[in-house]
Amino acid sequence: MPLIIIAIGVALLLLLMIGFKINGFIALILVATVVGFAEGMPAHDVIHSIQSGIGGTLGGLAMILGFGAMLGRLISDTGAAQRIATTLIHSFGRERVQWALVITGLVVGLAMFFEVGFVLLLPLVFTVVAASRLPLLYVGVPMVTALSVTHCFLPPHPGPTAIAAIYNANLGTTLLYGIIITIPTVIVAGPIFSRFLTKYEKTPPEGLFNPHLFTEEEMPGFWNSIFAAIIPVVLMAIAAICEITLPKEHPVRVFFEFIGNPAVALFIAIVIAVFTLGLRNGRSLEQVMNITGDSIGAIAMIVFIIAGGGAFKQVLVDSGVGKYIADLMSGTTLSPLLMCWTVAAVLRIALGSATVAAITTAGVVLPIIGVTHADPALMVLATGAGSVIASHVNDPGFWLFKGYFNLSVTETLKTWTVMETLISFMGLAGVLAINAIIH
């Protein structure tokens, strides 16, 4: 019965979100309540479980999500993102412009949500297309691929960070494994795949947006821009290396474990960005603080959806479903990594939202970590890989890509959907390869 109840709960979630277009947070809370009652939990226990699930999830994530949004907004609104992109494009030249945009997408995408990075960087892609006379998809797909890959695999991006919090995975280890998977994935799904798309001769759509392109004087320097963007990743990576190579009480390890904590690393980056991107570039402290304040509204709904996923997860744990799944899995030979990927893939295809698919998957498969002793960091990456597969008409990203690249629905399925599926399968292959090596 517990598995049947979960199946009904997930089906109800699909019905609410797809059939009735119910907001993701409302749908998750409603489904969590229904599942709790169906599992025989008393009413006050259901409420307590939902509240503790929300609190437990956001308790570890609120600072990371908030600081990440602030840093992303500082990078975009001070012209740092444009500086990074234009400098790399100039340095790499016309022949290697794809690689410049891949690096730009990876660097800029770390600190902001996919949709924000997409809208921010597309005007730069259009500028490159106009100047180089290269095909639009040939230039743009590598950058979009890089943004999507960060969403799957690289903390401190909010997606993998949220899943890691549920699985209790070490973020430094997740980042290191994620970088290993990212490199071949972004090459195959980006520059290589885009070479097959030159037959789609498209021009940027007219009147879709009116981007603000910064003047040379308005933008901060390149090294200031790149340093503010990547310092959280550098600190987290150093902390992970220290954890692997140094004894637990070693003062260097203790120091870097503190400043390499994602929340601390992002806070350090914000302090640096306030001075190097803001104050030193002619902005007042009030203007810079207004930028950081405005950033929070943009992530409010995604924060609540993550919280709703945490509530659903906690109900599954508190109702005993988790123990039932764990007992069921104790005798199985099915790879938990493959299970993560499959569940996330099914939910992604049905729901459209990669974030909801990933968070829901984490709640469903969480109990098998203890039973199978699967590596939590690889579970995070397997879930992230499954959550982007086969994006189609129920995914907002599908329509964003279609609109900005001026494609038909059929063309979008042949380009965007294939690209996302390539990322998913490359991610799964990478996870299984790393798992085979470390075990």
**Prompt:** Does the pair N224 and F227 meet the rule for a side-chain contact (heavy atoms from CB on, under 4.5 Å), with working shown?
**Reply:** CA-CA 5 Å; N224 284 339; F227 183 70; 5.9 Å; no

Return the minimal non-hydrogen interatomic distance between [X] and [Y], and the atom names on each side.
X	Y	value
E420	S148	OE1-OG, 2.6 Å
A228	L277	CB-CD1, 3.9 Å
R348	G386	CB-O, 3.9 Å
A344	A357	O-CB, 3.8 Å

_Stepwise side-chain contact (heavy atoms from CB on, under 4.5 Å) check, V144 with W416_ = CA-CA 9 Å; V144 176; W416 162 262; 3.7 Å; yes

**Residues which pass side-chain contact (heavy atoms from CB on, under 4.5 Å) with F37, listed by chain and number, not counting sequence neighbours** =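 Here the qualifying residues are T33, A43, V46.
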
Any side-chain to backbone donor/acceptor pair from [X] onto [Y]? Under 3.5 Å, distance only.
X	Y	answer
Q98	P142	no
S424	A385	yes
T87	I84	no

Quiz item: Side chains of I434 and D375: closer than 4.5 Å at any heavy-atom pair?
Solution: no

message = How about CZ on F92, more than 12 heavy atoms from neighbouring residues, nucleotides or ligands closer than 6.0 Å, or not?
response =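 Yes, enclosed.
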
